[in-house]
Amino acid sequence: MAKQLTSRKENYSQWYNDLVVKADLAENSAVRGSMVIKPYGYAIWEKMQSVLDTMFKETGHQNAYFPLFIPKSFFSKEASHVEGFAKECAVVTHYRLKNDKDGNIVVDEDAKLEEELIVRPTSETIIWDTYRKWIQSYRDLPVLVNQWANVVRWEMRTRLFLRTAEFLWQEGHTAHSTEAEALEEAEKMVGVYADFAEQFMGVPVLQGIKSPNERFAGAIETYCIEALMQDGKALQAGTSHFLGQNFAKAFDVKYVTRENKQEYVWATSWGVSTRLIGALIMAHSDDNGLVLPPKIAPIQVVIVPIFKGKEQLELISEKVDGIVKELKARNISVKFDDRDTHKPGFKFAEWELKGVPVRLAIGPRDIENGTVEVARRDTLEKESLQITNIGEKIDNLLVQIQDNIFQKALSYREDNTYNVDTWDEFKSRVEKGGFVRAHWDGTSETEKLIKDKTKATIRVIPIDEPLEEGKCIFTGNSSKQRVVFAKSY
RNA sequence: CGGGGUAUGGCCCAGUCCGGUUAAGGCGCCUGCUUUGGGAGCAGGAGACCGCAAGUUCGAAUCUUGCUACCCCGACCA
């Protein structure tokens, strides 16, 4: 079995690609830039979906579904929105194929659509066209809707999970009667994302707003969570947009106030995608494979029997049955790997590659002593534990692992966050990776120049942070606050 | 869209410069026996219109021309 990974040190992006493929998460498909998400990878997405979906429902949202296809004319209604997405839209122009005289399948030119359809890169336009019909009065507000969907963005260069031509995500779209309420919603949802990233994925994130250059096409303000990967590059893990009345005006969505006045509706939208799986991988995993936090791991505990012959396996299986019941009673997902086609060593390596947080091994010696060997994925430590009360012990261990994974990522981020005050230092620091906190004069021009010279962009402008007088790292103009620069994915 | 590269069993690849008849090897797969506390060993076996199309030649994976696909680097991006 040649499942050796490239090491992170040797080639970080090769390591990432190897890992995604070898851990059976996803693979490239016949269509350039589009991936097949394999069952194990999809199981991780399902865990994420289920937690997020619950969080959305708890904050008052409902799921709905809007169409994949968007009439081209909808797109032109919001100027900056078109500008942002026009270059990466897939377009449907025909609706029929036929056989030509050589028997080849060709597009039937007679079946041209009257109006071309855009495959959604995001759904603001079709949703706001719909909301016009839904919203008449202040009594219809707020509208708090989310959808789980696929979207298509025809990217030049793609990478499994991090950037694919088609990806899965959720997009929340809300409509409010006041600016304050919409702002509150946008902030609330970025907070939900931050909680999810930190408490479930174990990925610490910076929360804040985007600079105008990085803002969503059509938004007044973009809130985001930003995580730091092990190679020192930043990854935008989730965004929440305050859209003001831009879409309401573009799609003429007005409501009547209590005072019987016509007003435009205030909007937000927010989303996270399968890119989170990329974040999860790059935040925690090591040269042995994936490291999954227990709260997101499809399998939390794997049990590997060590046996010679059928009788021994049966004996061990009996013991394992008890353990499985005990773990399941505590809602721990457990897999008993009783394949007789592979040796224990092979299984150890394979489950490590797949990031299962806890592995139990039971052999004849354990049966004799009433013990089980417990190995944790995050630290690779092994110890022998008495089987008595094993459910509770594992439960506690999973909590510890979840916490340890987060703490480790947090201290990595702290060790790789720098305050920098001179341009020379800025250049060399950015080159080495990490979050670089520096003063910026607040202009787009300066941000662009910095990007051209260093490839670093402003990842996030922190909110809820004390202001600090300073001088822009590039122009020397005055600045009231440090912003976070980094090279990013 | 610019620049560079690659295309050979499921995967990784040798062979291509200098054409020669069973296209080599490793991984994986199948069968059997022995193994099983950190990626097993031995024996046997299956599996390839050498990216596609023309051409040169007695003979093409190898030479020529055209095409296609994919990868890497840049511009663009959740």
Side-chain angles (χ1 to χ4, degrees), chain A residues 1-6 11 13-14 17-18 21-22 27-34 83-89 120-122 150-159 161-171 193 210 213-217 219 222 224-227 234-241 269-279 288-289 304-310 312-313 316 337-354 359-369 371-375 380 382 384 451-452 455 457 459 488-489:
Chain A
M1 180 121 179
K3 281 214 170 168
Q4 292 296 336
L5 290 174
T6 306
N11 184 340
S13 61
Q14 188 63 46
N17 289 336
D18 281 3
V21 171
K22 287 178 176 161
E27 63 191 31
N28 280 307
S29 77
V31 181
R32 194 193 72 87
S34 302
E83 204 189 315
F85 288 104
K87 283 169 288 179
E88 50 186 35
C89 285
R120 64 180 166 218
T122 178
N150 59 337
V151 287
V152 168
R153 295 181 188 175
W154 214 262
E155 300 288 352
M156 294 287 143
R157 299 193 57 194
T158 59
R159 293 194 67 193
F161 289 116
L162 297 175
R163 174 164 297 110
T164 47
E166 178 188 1
F167 57 92
L168 305 183
W169 77 345
Q170 58 69 217
E171 47 182 325
Y193 290 154
K210 284 292 189 191
N213 289 358
E214 300 285 323
R215 205 176 275 156
F216 176 75
T222 288
C224 67
I225 54 171
E226 203 76 21
L235 184 86
Q236 178 174 308
T239 50
S240 176
H241 314 291
S269 69
W270 29 273
V272 293
S273 72
T274 36
R275 179 180 244 203
L276 286 178
I277 296 175
N288 294 314
V304 176
I306 291 149
F307 61 96
K308 286 182 203 175
K310 238 182 176 166
Q312 229 176 49
L313 176 59
I316 292 168
D337 184 359
D338 61 352
R339 289 175 295 175
D340 61 1
T341 49
H342 295 276
K343 292 181 61 175
F346 177 96
K347 295 178 184 176
F348 291 176
E350 185 174 51
W351 293 116
E352 257 162 36
L353 182 62
K354 292 194 161 194
R359 181 187 71 231
L360 305 182
I362 306 185
R365 286 208 302 265
D366 295 296
I367 299 287
E368 226 168 273
N369 302 331
T371 57
V372 57
E373 184 192 82
V374 181
L380 297 170
K382 288 193 278 200
S384 203
K451 185 182 177 185
D452 288 345
K455 288 184 177 162
T457 49
R459 300 320 305 157
S488 74
Y489 276 95

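The structure displayed is predicted, hence computed values, not measured ones. In what follows, chains carry the letters A, B, and so on, assigned in the order in which the sequence lines appear, proteins first and then strands, with residues in each chain numbered from 1.
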Note to self: Pairing donors with acceptors under 3.5 angstrom, does anything connect the side chains of A:Arg459 and A:Thr457?
What the structure shows: yes
**Message:** If you go through the side-chain atoms of A:Glu350, does one of them form a donor-acceptor pair with the base of B:rG39 closer than 3.5 Å?
**Reply:** no
Within the 4.0 Å heavy-atom criterion, would you say A:Arg153 contacts the bases, only the backbone, or no part of the nucleic acid?
base
Side chain to side chain donor-acceptor pair (under 3.5 Å) filter on A:Asn213, not counting sequence neighbours, yields A:Ser444, A:Glu447
With sequence neighbours left out, the residues meeting side chain to side chain contact (heavy atoms under 4.5 Å, CB included) with A:Ala375 are A:Arg359, A:Lys382
* Asked: For A:Thr164, which contact category applies under a 4.0 Å heavy-atom criterion: base, sugar-phosphate, or nothing?
  -> base
Exercise for the section: Count the heavy atoms of every other residue, nucleotide or ligand shown that sit under 6.0 Å from CD of A:Gln14, and state whether that count exceeds 12. Expected result: yes
| message | Can you confirm whether A:Arg153 sits close enough to A:Thr122 that some side-chain heavy atom of one is under 4.5 Å from a side-chain heavy atom of the other? | response | yes
Where RNA chain B forms runs of at least three Watson-Crick or G-U pairs (i with j, i+1 with j-1, under 3.5 Å), the stems are B:1-7 with B:68-74, B:10-12 with B:25-27, B:29-34 with B:40-45, B:51-55 with B:63-67
- Query: A:Leu235 near the nucleic acid: base, sugar-phosphate alone, or nothing, with a heavy-atom cut-off under 4.0 Å?
  - Reply: nothing
_Once you apply a heavy-atom cut-off of 4.0 Å, does A:Arg339 come out as touching a base, just sugar-phosphate, or nothing?_
nothing
Comparing A:Ser273 with A:Met156, nearest RNA chain B nucleotide closer to 5' gives the residue A:Met156
Taking N or O atoms only and anything under 3.5 Å, show me the protein contacts with nucleotides 32-36 of chain B, one pair per line.
from: B:rU36; atom 1: O2'; to: A:Phe307; atom 2: O; distance (Å): 3.2

Contacts of A:Trp169 meeting ring-ring contact (aromatic ring centres under 6.0 Å, His included) (sequence neighbours excluded), chain-then-number -> A:Phe167
For A:Thr222, the side chain to side chain donor-acceptor pair (under 3.5 Å) test, sequence neighbours excluded, returns A:His241
